[in-house]
**Q** 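Once you've had a glance at the structure underneath, I'll fire off some questions.
Throughout, numbering of the chain's residues begins at 1 and tracks the sequence.
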Amino acid sequence: MKTPHSSPQSTATRLLQLAVTLFHLHPTTSHWIDEDTPPHLLTTTSLVDGTTYHLVMSDEFNVPNRTFADGHDPMWTALDKSDDDYSASGGGSLHFYNSSTVSTTPDGMLTIRSLIEKTSWNHYDHVEQEWTETTKHFKSGMIQSWNKFCFTGGIVEVDVILPGEPDIGGLWPAVWMLGNLGRATYEASTNNLWPWSYDECDRKKQEAQAISACNSRNHFGLNPFQGRGATEIDVIELMGGDSGGKPLPATDPPISLPYVDMTLQVAPGVPDNRPQSGSQPVRSIDHTHSGYATSLAQTWYDNLTVAGNTSLNPFFYGTYLGETKKNEPVTRNKNQAFQADAVGALKQLVPEHFKTPHTFRVEWQPGRGGRLDWFTKSYRKVDENGTVYHIEGDGKGQDWEHSLSIPDFALDAVMGSKIPEEPSYLIFNVAISSTWAFPYSLPDWCPKCYDCNDPKCTCSFNPGFCNMMKTGKVAMKIDSVRVYQSKDDSAHVGKPHTLGCDPVEFPTREFIKGYEYRYMRNPPFVYKDKHPLREVKNGGGDCVVDEDCGGGGIETEDVDTAWVQPEVAPAVDDDDEEGKEDIMDLDDGEDTKSSTKRMRQMKKLESDTNDAEGGASDEEDADESNAIAGLDAPPISSEPLENSEENTKVTSNPTRKSKGSCVVVTPGLFGVPSPERKQCKCNKGYTGPHCLSVEKFDEEPGAYELKKVTTIFKNRANPYVTRFHIFFGGMLMGAFLVFWVLDISVKGRKTRFINTDGKEMVRLTHP
């Protein structure tokens, strides 16, 4: 039986929420803001409600040579693992995520490269009970802020240069958000949690939703009677390729390749009478002349609004997660199988999106009564009839286009689901999958292999894909990412905006601690991981001069202008001997360590170039910041956005502090300093092996920290005292009292004294 259910909580919990509301929900400042973010970007105007939103997180990626391997950055983690994206229908990814592909470059960009490089490893197959070798022929990158920076609601803006060539399919780059209860690519953490956004008790769905509103006890710190999930909001997912200049079928207005998907993934999904892939949902019933129905209206979400050169997505309506096969990394039985829906739209792209940064924006008002709105940039035109329409042109348009809107009531009316309300983190990645933008069908004679170095596999790829990859220049670049939130709950629909991965209303941290194994890598990649995330290093990276540690000064050396930056493998520092033992060398290739000397030469060359070229003046920035951004239907606020595309990048910050210094290493407590080896020592406020990252953290404690009690010895979570604990403690206390009384009784009957002969005598007496 399906019954709506709110989430009752204890009086203590409600008082706790009330106590932290003023600080936890609306922090006056944030320690997630990049020091390079210019002042005029500290606020923005909502394109939906017209009110002011305040910056709570930003990363301009201006500092070059930042690395993001586990333990290198306080906000981001680049993965070093296989992407196990298996599904009940079979298939899998073709790439291995390696943190060496993710770094910041001298042009002020976060760069995620995709390469042809083989990665092989042996692992034990518990099903077949044998050792099996697995090989991936591509290497790529994923960076995520999981369990570090999370937020619920607000505005997300990302400036992106898409990777590859627009007319060659095969890459799967994405910018997206996932609820913190699930960690992307860690299948055990997302099984039966992704992408549930459902807070009603339905006994028929209880087994399929791992954390159900029917559960009277959701363990490890979760609130009882509260449905939870790992919700997914896709800002963009690229579908590249060439449709021969012809529009794709069932798109309205006509859309051709390439395009980006803008999608909400949500469960539970529509179980029956679903739209068919390749066609728009049937909204009416057709009849014969005799009155018999020839087709039925299909069940799908109404009140979805698109504008500009954007069409509702007719090609992907969701995923059925059925019973798992024996080779999958997780298990689901038939009662745990469920349908997930993909509610989204296709946005037309042009070649310029692959050459220069373009801004994509999502406004997220969470929970019941909320909404999701996607915005892109284009040219706004008005014809002779006064009709407003948008064109992409060269991709440099500065008018905001309200590409897609999903209201919460559209979800509620169909399946009772809601706009996501989970604390979510950001993900940037480039995947390579045979199920995405690859040839739909292969000839019978094709061996269906995916190795660009094997001529027999050419038929499995799109024309030109392998040649494009062999250039070594395929990369997605992120110019900046910024998150804004409202301080006024009454100014927007939906629930309040929150910061943190562990808010009291939607806790996650204690649950993650209770199921840590679900969020950790499996052998053979790293054997000595004690927790899902390593502690961020504070200095310790090898250096030669202070500039290697974000400090000032550089040795005067001749610059080798012909030198090309080699591949950097930041997953292990030279000084991290334990890390060297832990991480296996899975790359099939020669040593690619960078030269510190040449890195300094490159930095000096870049610095000289910047000094010679100069930058835009403050007056130009001020003029551009006042540019009016146009809006279109559906009706939304006419308030302009205060900044334009050109003035969002800051290439230098003259007030930036020195981050660290290069000091002589002193091994051990009584070791002798070695002038031949130096390491970075970070100044206050900076962290990472080479001190290149700003120290970032949540201002207010989360649910788990608020629940803990502090003693002079250690922090310990509040104990759960049951009747058994009380009974057992009483038995121990009673036994102690009995033995204590008996001991006093026996001692009282013995009196020792010395007689006149000097001998010790014992006389028994009664107590």
Side-chain angles (χ1 to χ4, degrees), residues 32 53 55-59 75-79 85 110 112 142-160 172-186 189-190 193-197 228-238 260-267 340-345 359-367 370-376 403-406 408 411 417-431 476 478 480-485 494-495 497-503 506 508 512 519 698:
W32 297 102
Y53 282 52
L55 187 69
V56 295
M57 188 281 281
S58 63
D59 203 328
M75 183 159 64
W76 304 106
T77 304
L79 300 188
D85 66 344
L110 172 70
I112 302 176
M142 171 183 278
I143 186 171
Q144 54 184 231
S145 65
W146 176 79
N147 219 28
K148 292 181 175 180
F149 170 76
C150 305
F151 67 104
T152 307
I155 298 174
V156 180
E157 276 193 7
V158 185
D159 294 329
V160 187
W172 189 355
V175 176
W176 48 304
M177 296 174 275
L178 193 68
N180 199 54
L181 286 176
R183 190 178 187 187
T185 78
Y186 291 74
S189 72
T190 57
L193 282 176
W194 177 90
W196 284 89
S197 185
R228 300 289 301 276
T231 53
E232 178 176 340
I233 301 171
D234 298 324
V235 180
I236 56 168
E237 291 180 291
L238 169 68
V260 288
D261 285 323
M262 299 175 289
T263 312
L264 168 65
Q265 310 270 4
V266 64
D341 285 341
V343 187
T359 306
F360 296 90
R361 175 180 178 125
V362 170
E363 299 203 14
W364 169 25
Q365 308 303 344
R371 57 186 292 167
L372 280 166
D373 297 271
W374 282 258
F375 295 88
T376 55
S403 300
L404 172 64
S405 180
I406 303 176
D408 177 69
L411 306 177
S417 55
K418 62 178 180 177
I419 295 293
E421 200 175 354
E422 293 285 338
S424 300
Y425 60 98
L426 293 163
I427 308 168
F428 310 138
N429 72 292
V430 180
M476 178 169 74
I478 308 295
S480 63
V481 56
R482 303 184 186 106
V483 177
Y484 298 86
Q485 289 188 325
K495 301 298 183 180
H497 299 169
T498 66
L499 271 182
C501 297
D502 192 33
F506 291 85
T508 68
I512 292 171
Y519 303 87
D698 285 324

**Q** Do E422 and P366 touch side chain to side chain, with heavy atoms closer than 4.5 Å?
**A** no
**Q** With heavy-atom distances below 4.5 Å as the criterion, would you say the side chains of T498 and P423 are in contact?
**A** no
**Q** Please report the closest heavy-atom contact between S424 and T231, naming both atoms and the distance.
**A** OG-OG1, 4.2 Å
**Q** Let's go through M57 and L426 carefully: what are the C-alpha distance in whole Å and the side-chain angles of both, what is the deciding distance for side-chain contact (heavy atoms from CB on, under 4.5 Å) to 0.1 Å, and is it a yes or a no?
**A** CA-CA 11 Å; M57 188 281 281; L426 293 163; 3.4 Å; yes
**Q** Where do W196 and R228 land on the side-chain contact (heavy atoms from CB on, under 4.5 Å) test, with the steps shown first?
**A** CA-CA 7 Å; W196 284 89; R228 300 289 301 276; over 6 Å; no
**Q** Taking the side chain as everything from C-beta on, heavy atoms only, tell me whether R482 gets closer than 4.5 Å to I155.
**A** no
**Q** Checking the side chain of Q485 only, and the main-chain atoms of G153 only, is there a donor and an acceptor separated by less than 3.5 Å?
**A** yes
**Q** L178 and G182: which non-hydrogen atoms are nearest, and at how many Å?
**A** CD2-O, 3.5 Å
**Q** Distance-only, no hydrogens or angles: does the W364 side chain make a donor-acceptor pair with backbone N or O of P420 under 3.5 Å?
**A** yes
**Q** Please tell me if the side chains of Q365 and I419 come closer than 4.5 Å, counting only heavy atoms from C-beta onward.
**A** no
**Q** Taking all heavy atoms of K418 and all of D408, pick out the closest pair and write down the distance.
**A** CA-OD1, 3.2 Å
**Q** Please check this pair: side chain of S189 against backbone of R183, looking for a donor-acceptor N/O pair closer than 3.5 Å.
**A** yes
**Q** Would you confirm whether D373, through its side chain, and S405, through its main-chain N or O, come within 3.5 Å as a donor-acceptor pair?
**A** no
**Q** Does a side-chain heavy-atom distance below 4.5 Å link D234 with D261?
**A** no
**Q** side-chain contact (heavy atoms from CB on, under 4.5 Å) for N180 and I512? Distances and angles first, verdict last.
**A** CA-CA 9 Å; N180 199 54; I512 292 171; 3.5 Å; yes
**Q** Side-chain contact test, heavy atoms from C-beta onward, threshold under 4.5 Å: evaluate it for W32 versus D698 and give yes or no.
**A** yes
**Q** Could you report the tightest heavy-atom contact between M262 and V235, atom names first, then the distance?
**A** CG-O, 3.4 Å
**Q** For a ring-ring contact (aromatic ring centres under 6.0 Å, His included) with F428, tell me which candidate from W76, W176, F360 qualifies.
**A** W76
**Q** Can you check whether T376 reaches V260 side chain to side chain, under 4.5 Å on heavy atoms?
**A** no
**Q** Taking the six-membered ring for Trp and the single ring otherwise, decide whether the centroids of W146 and Y519 are under 6.0 Å apart.
**A** yes
**Q** Give the intermediate values and the outcome of side-chain contact (heavy atoms from CB on, under 4.5 Å) for residues N429 and I112.
**A** CA-CA 7 Å; N429 72 292; I112 302 176; 5.6 Å; no
